[in-house]
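First up is the structure itself, then whatever we jot down about it.
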Amino acid sequence: MWRIGALARMTGVSERTLRYYDRIGLLAPAAVSRDTGYRWYGAGELARLERIRGLQRLGLPLRLIHEAIDAPEPQLRDLLDETVAALRRDLADLTAALAAAEDRLAVAPAILPQDTAVGERRMRIERVRVGHPSELAAACGEAPGALLSWLTSAPDGGFDAAFAAKDGTEVLTLPARRVVRAVVPPGHGLVPAGLELFDWLARQGLAVAGPALEERLVDGDGARVTVLEVPVS
């Protein structure tokens with residue numbers, strides 16, 4: 001039999017952790033001295049502790065180890081299947097975050113695009129044809145709340161656009177869709193921001209899947225911000 005300090009030294013597990021395992025019912029000592037309160041551990045507890053550590057190395061959290069440590073093999077395999085699926089999701093998220101950080105370091109754009117989903121939207125619009133994005137403001141008259149452009153990359157010549165108008169001659173329905181959204185920072189031009197967004201989409205291997213939306217939003221204090229959304233596939 002070993003006291004808790006000896007078991008800690010043998011296994012590299014701290015005494016604090018062993019006491020915690022005892023408190024949550026995961027690893028109780030073989031005996032506790034009535035006189036001194038010393039915890040004593042035997043070969044069975046050592047084997048159980050090594051099983052706990054092995055399950056931790058497989059990625060199981062303590063709450064699942066509590067279920068798995070005394071479970072039959074089929075139940076343990078089911079828990080491991082769930083753990084593997086969760087680890088793969090975490091790995092995919094980390095891989096995406098790493099790629100985004102590396103892209104930011106390499107290019108350092110002013111915008112920070114986000115991949116998200118949006119619901120269906122209906123708009124009354126008026127269509128126009130322009131030769132360059134800088135012509136949109138003049139083509140639309142008074143600054144509209146929202147602009148649409150049918151571009152699949154940076155413009156090379158004329159392109160179709162539309163602006164939201166209460167008396168617009170056409171009702172357009174934008175379906176529920178996956179979009180890449182970017183908030184244009186203060187002092188950064190909309191045309192450069194749009195070009196940066198298309199460059200980012202190309203680097204990510206994403207295809208434009210519908211009209212891009214440029215929307216001007218105003219909060220309760222009158223502060224303004226412009227949001228760009230490009231549907232992608």
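We count residues from 1, following the sequence as given.
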Residues two or more places apart in sequence or in another chain: which of them pass side-chain hydrogen bond (donor to acceptor under 3.5 Å, both in side chains) with Arg23?
-> none
Side chain to side chain contact (heavy atoms under 4.5 Å, CB included) against Ala110, all qualifying residues, sequence neighbours excluded = Pro185, His188, Glu196
Would Leu151 and Val208 count as a side chain to side chain contact (heavy atoms under 4.5 Å, CB included) if you check the C-alpha gap in whole Å, the side-chain angles of each, and the deciding distance to 0.1 Å?
-> CA-CA 8 Å; Leu151 289 168; Val208 178; over 6 Å; no
Same cluster (ILVMFWY, side-chain, under 4.5 Å), Leu147 and Leu190 | yes
Please collect all side-chain hydrogen bond (donor to acceptor under 3.5 Å, both in side chains) contacts where either partner lies in residues 165-179, sequence neighbours excluded, each pair once.
-> Asp115-Arg178, Arg122-Thr173, Glu126-Thr169, Arg127-Glu170
Heavy-atom closest pair, residues Ala193 and Val184 | CB-CG2, 3.9 Å
On a heavy-atom basis, the closest approach of Ala30 and Met1 is CB-CE, 3.6 Å
Which residue pairs satisfy the side-chain hydrogen bond (donor to acceptor under 3.5 Å, both in side chains) criterion with at least one member in residues 70-90, sequence neighbours excluded?
-> Arg48-Asp70
Under a single-linkage rule joining Ile, Leu, Val, Met, Phe, Trp and Tyr whose side-chain heavy atoms are separated by less than 4.5 Å, which residues share a cluster with Leu213?
-> Met123, Ile125, Leu148, Trp150, Leu172, Leu174
Among Arg3, Arg19, Arg39, find the one that has a side chain to side chain contact (heavy atoms under 4.5 Å, CB included) with Pro29.
-> Arg39
Does the side chain of Ile4 reach to within under 4.5 Å of the side chain of Tyr38, using non-hydrogen atoms?
-> no
Shared hydrophobic cluster, Ile111 / Leu206 (ILVMFWY, side-chain heavy atoms < 4.5 Å) | yes
Calculate, to the nearest 0.5 Å, the distance between atoms CZ and OG belonging to Phe159 and Ser149 respectively.
-> 5.5 Å
Can you give the donor-acceptor pairs under 3.5 Å from side chains of residues 51-68 to other protein atoms, not counting sequence neighbours?
| residue | atom | partner | partner atom | Å |
| --- | --- | --- | --- | --- |
| Arg51 | NE | Ile69 | O | 3.1 |
| Arg53 | NH1 | Thr11 | O | 2.5 |
| Arg53 | NH1 | Glu50 | OE2 | 3.4 |
| Arg53 | NH2 | Thr11 | O | 3.1 |
| Gln56 | NE2 | Tyr21 | OH | 3.4 |
| His66 | NE2 | Ile24 | O | 2.9 |

Any chance you could pull the hydrophobic cluster mates of Val84, using side-chain heavy atoms under 4.5 angstrom and chaining through other members?
-> none
Listed partners of Thr17 passing side-chain hydrogen bond (donor to acceptor under 3.5 Å, both in side chains), at least two apart = Ser14
Report the residues that fulfil side-chain hydrogen bond (donor to acceptor under 3.5 Å, both in side chains) with Gln114, sequence neighbours left out, ordered by chain and then residue number.
-> none
Can you name the side chain to side chain contact (heavy atoms under 4.5 Å, CB included) partners of Ala6, sequence neighbours left out?
-> Trp2, Arg9
Might you work through the side chain to side chain contact (heavy atoms under 4.5 Å, CB included) test for Leu80 and Leu76, ending with a clear yes or no?
-> CA-CA 6 Å; Leu80 287 175; Leu76 175 58; 4.2 Å; yes
Any donor-acceptor pair under 3.5 Å linking the side chain of Asp221 with the backbone of Ala223?
-> no
Can you give the donor-acceptor pairs under 3.5 Å from side chains of residues 224-233 to other protein atoms, not counting sequence neighbours?
| residue | atom | partner | partner atom | Å |
| --- | --- | --- | --- | --- |
| Glu229 | OE2 | Arg181 | NE | 2.9 |
| Glu229 | OE2 | Arg181 | NH2 | 2.8 |

Only counting residues at least two apart or in another chain, list the ones meeting side chain to side chain contact (heavy atoms under 4.5 Å, CB included) with Arg203.
-> Asp103, Val107, Asp199, Trp200
